[in-house]
Amino acid sequence: MLELRFIRENLSLVKEKTERRGITDSRIEEFEELDKKRREFLFEIENLRNRRKTVSQKIADLKKKKEDAEALIKEMRDVGARVKELEKELSANDEKLNEIVMGIPNLCDESVPVGQDESENIEVRTWGEIPDLGPKPKAHFEIGAELGILDLERAAKMSGARFVLLKGLGSRLERALINFMLDLHTQKHGYEEVLPPFLVNSATMTATGQLPKFEQDLFKVQDWDLYMIPTAEVPVTNIHSNETLAEKELPKKYVAYTPCFRSEAGSHGKDTRGIIRQHQFDKVELVKLCEPENSNDELESLLADAEEVLQLLKLPYRVVLLCSGDLGFSATKTYDIEVWMPAQNKYREISSCSNFLDFQARRGGIRYRPRGKKKSGLVHTLNGSGLAVGRTLAAILENCRQPDGTIKIPEVLAPYFEKRF
RNA sequence: GGAGAGAUGACCGAGCGGCUGAAGGUGCUCGCCUGCUAAGCGAGUGUGGGGGUUAUACUCCACCGAGGGUUCGAAUCCCUCUCUCUCCGCCA
C-alpha cells in the first residue's frame, strides 16, 4: 500500500507508474474525490468532538460545584448524535477509498524496463554450460516415470491434476534438496531458519498483498478465516507485523521451507504436463527485513544467495530483470532466476527475488527505530525463492541424465544420500 | 467441547466513569559528570490521521486486544468476537 498523502500529492506519478504495469483501471480520479470528501468529514467530526470534549469538561466542573448542567448536557446529546451520523458516513466513504488504495500496485523502480509482458524482460547474465543431451532430450516427467520416482497418474487419482506423488529416490531427492538449501542459507549465508504455519488468516494475506485483490489465486479453508499459503513469504514477512524493531536487529534474514499452495486460476492449459506448475509444491524461501537505505543492496545479495544454489548444483541458469508489465503487484523491482530445462529447450523460472520497499511494511505495520531519531520508520521487505524445490528436482532430472538413463546427482547432495542406519 | 483468569506504550507494570495519552520501572536517545568497557545526575522518548509550514514549530482528533453498546463524558460499565494462561474432557 502506498501512503495516502503520497498518492494525493503525486497523483499523476502514481497514475503514470500504474499504467506502466499495463493497469488502466486504477480509478485514480475516484480516489481524488473520495479523499477530498474524507477530509471534509474529518474536519467536521473533529470540530464536533473537540466541542464535546471541552463542554464535557465544563459539565464536570459544574457538577463538582453542584451547579445545574442540564442545558449543556441536552446540547451535547445532539452533538453526540450528529457525530455518530457523520462517523457512519465517513466509514462508508473510507471503505470505498480503501478499496481503491489497496488496489494500487507498488511503484516500479526507475531501473525497471518498461514493457508489456515477459517477452520484454531483460537478460542480466547467464551462468553455466548448457549440456549436450542429443537432439531430443527427455522431459523430467518421462524420466521420472521411467525411474519410478515420479507418479502423476496416482496423484491425479487422489487429488486431481497438478499434483504429484514422489516415490523412493524421488522423494529422497526432494528432501535432500530442501535440506541442502536450508543448510546453505543458514550456515553460509547467515539466515535464521524458521518453520511457519502453512495456513494464515486474511490480515496476514493482506499485509503481503495477496488480498484483497488476488483471492482467486488462493485456496481458502471453508468456514474459517484461513488460507493456505501460496509462498512462505506470507507468514515469514509477517513474523514482525505490528512490531517495532530496534535498528541493531536489522537486517532480519529468515529462511523457511514450506509447501506452497496455488489455485493457478487463469493458467489453464499452461504447463499441463509434468511438475512445473502444481497446486502444491515445495519451496525454500528467503525473506529479509532491512533499513530503507540498504534494500537495494540487500536485493542484490539475496539474488546472489539464491544463485549460489544453482551454481553449487551446477545447473545452468540465467538472471532476468522483470519489465514493468511482468512485475508482481507489491514489488518495486524483481529479478527472476531461470534454470535451463533441456526438454523445453528454454530457461524456466525457478526463483523470483523482489524488493517491496515499504509497501508490505506499511500494510503489516513493520517498523524499526532508527538510531538517534525520534520517529520510527517502516522497514523495507524483500524476498526470493532459494529455490523452488520441485522445479529444481525437474531440472536435475533433465540436465543430469546420463546416456545410460541414470541420473548423476550433483556432488553437493552426496552427504544427503549417505546411509545413516 | 466444559469451567475459570487475563489482554494497557519498544518491554515490564499501575490505573474510584471526568483532572489519564495514560503513574512507576526497564530499555533507548541526547547532555552532564566520573582516570578507565560500569555507576551517577538531568532531559527526552508511541502510532495513525486532519489543519498549518518551503521544512520545522504549532495545533486538533483518534487509538489502552478487535468490534458494537450505555453515557454529556469510557482504558475504566455492558455485549459479541479473537488470542493467551490454568483445570477437565478429547486427541497426533
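First the proteins, then the strands, lettered A, B, ... as listed; each starts at 1.
A:Phe41 places its CZ atom 19 Å from the C1' atom of B:C60, with the value rounded to the nearest Å. Residue A:Leu4 contributes atom CG, which lies 20 Å from atom P of B:A62 at whole-angstrom precision. Put simply, CD on A:Glu87 is 9 Å from P on B:C63, counting in whole angstrom units. Remark: P of B:C72 and CD of A:Glu70 are 9 Å apart, rounded to the nearest angstrom. In this structure, CZ of A:Arg5 is placed 11 Å from C1' of B:G48, rounded to the nearest angstrom. Between A:Glu46 atom CD and B:A62 atom P there is a gap of 8 Å when expressed in whole angstrom units. Regarding A:Leu48, its CG atom lies at a distance of 16 Å from the P atom of B:C72, rounded to whole Å. As a whole-Å value, the separation of A:Arg77 CZ from B:U71 C1' is 9 Å.
Within 4.0 Å (heavy atoms only), A:Arg8 reaches sugar-phosphate atoms of the nucleic acid but no base atom. Within 4.0 Å (heavy atoms only), A:Lys53 reaches sugar-phosphate atoms of the nucleic acid but no base atom. Among the protein residues, A:Lys84 comes within range of the sugar-phosphate backbone only, with heavy atoms under 4.0 Å from sugar or phosphate atoms but none that close to a base.
Atom C1' of B:A22 sits at a distance of 8 Å from the matching atom of B:C64, rounded to the whole Å. Remark: the separation of the C1' atoms in B:A55 and B:G13 is 39 Å, to the nearest Å. The gap from the P atom of B:C77 to that of B:A14 amounts to 16 Å, rounded to the nearest Å. When the C1' atom is compared between B:C16 and B:A23, the two are found 15 Å apart, to the nearest whole Å. Annotation: B:U53 and B:G46 have their P atoms spaced 25 Å apart (nearest Å). Distance noted for atom P between B:G69 and B:G17: 22 Å (whole Å). If you take atom C1' in B:G44 and the same atom in B:G9, they sit 15 Å apart, rounded to whole Å. For the P atoms, the distance linking B:A75 with B:G21 amounts to 8 Å, nearest Å.
Residue A:Arg367 has its side chain nearest to B:U47 when only B:C61, B:U47, B:C72 are considered. Listed nucleotides: B:G50, B:A10, B:C72. Nearest to the side chain of A:Arg39: B:G50. Side chain of A:Arg369, nearest nucleotide from B:G49, B:G73, B:A10: B:A10. Comparing B:G50, B:A10, B:G73 against the side chain of A:Thr244 picks out B:A10 as the nearest. Of the candidate nucleotides B:G52, B:C72, B:C61, B:C61 has the atom nearest to the side chain of A:Arg49. In this structure, the nucleotide among B:C72, B:C60, B:G49 sitting nearest to the side chain of A:Leu42 is B:G49.
In summary, A:Lys138 and A:Glu146 engage in a salt bridge, as defined by a charged side-chain N under 4.0 Å from a carboxylate O. One finds a salt bridge joining A:Lys283 and A:Glu285 here, because a Lys/Arg side-chain nitrogen approaches an Asp/Glu carboxylate oxygen to under 4.0 Å. With salt bridges taken as basic N to acidic carboxylate O contacts below 4.0 Å, none links A:Lys96 and A:Glu33. Ion pairing between a basic and an acidic side chain is recognised when a charged N comes within 4.0 Å of a carboxylate O; A:Lys220 and A:Glu215 show no such pairing.
The nucleotide B:U34 finds no pairing partner, because no Watson-Crick or G-U wobble arrangement with both distances shorter than 3.5 Å includes it. Base pairing of B:C16: no nucleotide in any strand meets the Watson-Crick or G-U wobble criterion (both distances under 3.5 Å). Base pairing annotation: B:U45 forms a Watson-Crick or G-U wobble pair with B:G27, both donor-acceptor distances under 3.5 Å. A 3.5 Å limit on both hydrogen-bonding distances identifies B:C81 as the Watson-Crick or G-U partner of B:G65. B:U53 is unpaired under the criterion used here, namely a Watson-Crick or G-U wobble arrangement in which both key atom distances are under 3.5 Å.
A side-chain N or O of A:Thr381 and one of A:Gln360 form a donor-acceptor pair less than 3.5 Å apart. Counting only N and O atoms by type, the side chains of A:Tyr317 and A:Gln311 include a donor and acceptor under 3.5 Å apart.
For the pair A:Arg391 (side chain) and A:Glu349 (backbone), a donor-acceptor distance under 3.5 Å is present.
Using a 4.0 Å cut-off, no side-chain N or O of A:Ser376 falls inside it from OP1 or OP2 of B:A10. Applying the 4.0 Å criterion to OP1 and OP2 of B:C60, one finds that A:Asn50 has every side-chain N and O outside that range.
Between A:Met76 and A:Arg51, the residue anchored closer to the 5' end of RNA chain B is A:Arg51, taking for each the nucleotide with the nearest heavy atom. Sequence order on RNA chain B of the closest nucleotides to A:Ile73 and A:Lys88 puts A:Lys88 first from the 5' end.
The shortest distance between side-chain heavy atoms of A:Lys333 and A:Leu321 falls below 4.5 Å.
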